[in-house]
S.K.: 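Encoded as C-alpha cells, here's the structure I'll be asking about.
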Number of protein chains: 2
Amino acid sequence: MRPKMVLFGDSITEESFNNSGWGACLTHQFARVLDIQLRGYSGYNTRWALKVLKKVFPREEKEAPVAITVFFGANDAALPDRTSAYQHVPLDEYKHNLHSIVSFFKERWPSTLVILITPPPIDEAGRLENPFVEDTFGLPERTNKAAGAYAKACVSVAEEYKIPVINLWNRMQKFPNWEKLMLRDGLHLTCAGNKLVFDDLIMTLRKEGLSLDTLPLDLPALSEIDPNDPLKSFEM
Amino acid sequence: MRPKMVLFGDSITEESFNNSGWGACLTHQFARVLDIQLRGYSGYNTRWALKVLKKVFPREEKEAPVAITVFFGANDAALPDRTSAYQHVPLDEYKHNLHSIVSFFKERWPSTLVILITPPPIDEAGRLENPFVEDTFGLPERTNKAAGAYAKACVSVAEEYKIPVINLWNRMQKFPNWEKLMLRDGLHLTCAGNKLVFDDLIMTLRKEGLSLDTLPLDLPALSEIDPNDPLKSFEM
C-alpha cells in the first residue's frame, strides 16, 4: 500500500489545492510514491483542532502516515478584542495545545515525521482591504506582531520535541515586498507564498530522508519499461 | 472515516495535480468531504493496467471508494507502426481490457460509481511539434482518427455496463480551435482542457448524487460555528 502524508491545519491548508497551492504541488511531486491527504479546516484554531483530533484521526486508521504537517496559529493569533475574537486562543494555551497535538501523533505513530509550520506574517493593510468581518473602528483583526509571538511559540514546541519546523513568519519577511508578494489578502498565500511553503517542505522532507530518491515507486516508470518487451516489467 | 474517490489512468491522470489540473481542482472542490486518491501511471495502456490492477487496488484496502475514474486509451491508441508502437493495444483487446477493469471494480465494490473517460482527441500537428520520440519519417505516433475509434469503444463499454462516461474525444472537438485550446502538446491537457474534464466530472458526480449538497461534512464549517459559543459546535 502506498504510504501517505497528512496535511493538518486551518484555511491555509484547506485551500492548498487551489491555484497550484502547496498541497497540489506536493501531490504532483510525489504522484507515484505518496498519497497526500488533506485535513484542512478553515477558521480552526488549536483549541478546536484538539477537540476534533480523535475524529480527524480515528483509531481505525491504523497505518502510520510517513509525515504530517501541523499548521495552526493564524487563527489563534487573531486579537481577543477585535472582529475575529472568537477564534483567538491565548498564547500559553496555543503552545500547550500544540504540545498536545504533537504528543497525540507521537504516541499514536512514533515513527511518523511531524512537521510544524508557523503562522505566516500578517500584512495589516492587506487585512483591512480584505476583512473577513468589517471592523467599524478600521482596525485589522490580526497584527504581524501577534502572529510573530505565536510563530515563536510554535518554534519552541518544535525544539522541545526535536522535530522540524518551518518558520514561515520569519522566512517570508526576508523577501522584499513580502506583504504583497507572499500574501493575497494579508493572511492567505499567493502563488509565491505557496511556492515557498512547497519548497521548504520538500527541503525538510529531503533532510529527513523522504524524497523521490528514497521513496520507492510501486510500479515501473515508463522509462524503465523495455520497448522491446514491455510485459517483462510486469512479471511480479 | 472520510469517503474517497480514486483517479485511475495514464499520464493525463498522473499529471492532474500539476498547474491547477483536474485532480487538484477536484480535491479543492471536495476539500472537506472526499479524499481524492491519485493512481495515474504515465505511458500505461489497458494491457499494463490489467497486469497491475491487483497491486494498485490491494485486497487489504477494504473500503469501497465512492467513485473511480478509469481514464485509459490514449496510449492504447498509439499507432502500431510508429514510434510509440510498444504502447499500442489493438482496439478489440482495448475494449476487452476495459471490460475486465470495470468488472474488477464492480465485483470488488458493487456500490462504487465507476466513471469512464475516453481518450482526448489528438492534434497531430501538436504531436509532431512535441514528439515523445522523434519519428524520422515525420509522422505523428498518434492520430485523431485512431483516438476516435478507441473513444467509441470506451463509450460502448460504458453503455454495456450502464455506467457514466465522459466522451472527451467528442466534447473537446466541439470547441473552436480545440487543437490548441484543449491540448498543450497535441495530447496532454491545457488549463482549458483540465477545466473541461473537471466540469464534466462535477456534473457527472452530481447526476449520480455526489455533490457538496449531498456529501456530509465531517466537522463543522466555520459559518456554522456560533461566535458567541464556538465550543458548542464541538460537543460530539
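Letters go in sequence order (proteins before strands), and every chain restarts at 1. Only a predicted model underlies this, so the values are computations on that prediction, with no experimental measurement involved.
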S.K.: Is the shortest heavy-atom distance from the side chain of B/E235 to the side chain of B/D229 under 4.5 Å?
M.R.: no
S.K.: What are the residues of residues 11-34 of chain B, in order of number, with any heavy atom under 4.5 angstrom from a heavy atom of chain A?
M.R.: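 Counting heavy atoms that sit under 4.5 Å from chain A, the residues of residues 11-34 of chain B involved are B/E14, B/E15, B/F17, B/N18, B/N19, B/S20, B/A24, B/T27, B/H28, B/A31, B/R32.
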S.K.: We want to know whether A/R142 and A/N75 form a side-chain donor-acceptor pair, criterion being a heavy-atom distance below 3.5 angstrom.
M.R.: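 Result is yes, a qualifying pair exists.
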S.K.: Top residue by heavy-atom pair count (under 4.5 Å) with chain A, among B/A221, B/S223, B/S84, B/S42?
M.R.: B/S42
S.K.: For the interface with chain B, which of A/R39, A/Q37, A/K4 has the highest count of heavy-atom pairs at distances below 4.5 Å?
M.R.: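 If we count pairs closer than 4.5 Å to chain B, A/R39 comes out on top.
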S.K.: How long is the gap from OG on A/S103 to CZ on A/R108, to the nearest 0.5 Å?
M.R.: 11.5 Å
S.K.: I need the single residue from B/Y44, B/Y94, B/F8 that forms a ring-ring contact (aromatic ring centres under 6.0 Å, His included) with B/F72. Which is it?
M.R.: B/F8
S.K.: Look at the rings of B/F104 and B/F57 and say which category their plane angle falls in: under 30° parallel, 30 to 60° tilted, over 60° perpendicular.
M.R.: tilted
S.K.: Between OG1 of B/T143 and CD of B/E124, what distance do you get to the nearest 0.5 Å?
M.R.: 5.0 Å
S.K.: Relative to chain B, which segment of A/P227 carries a heavy atom at a distance below 4.5 Å: side chain, backbone, both, or neither?
M.R.: both
S.K.: Is a donor from one side chain sitting under 3.5 angstrom from an acceptor on the other, for B/Q87 and B/N45?
M.R.: no
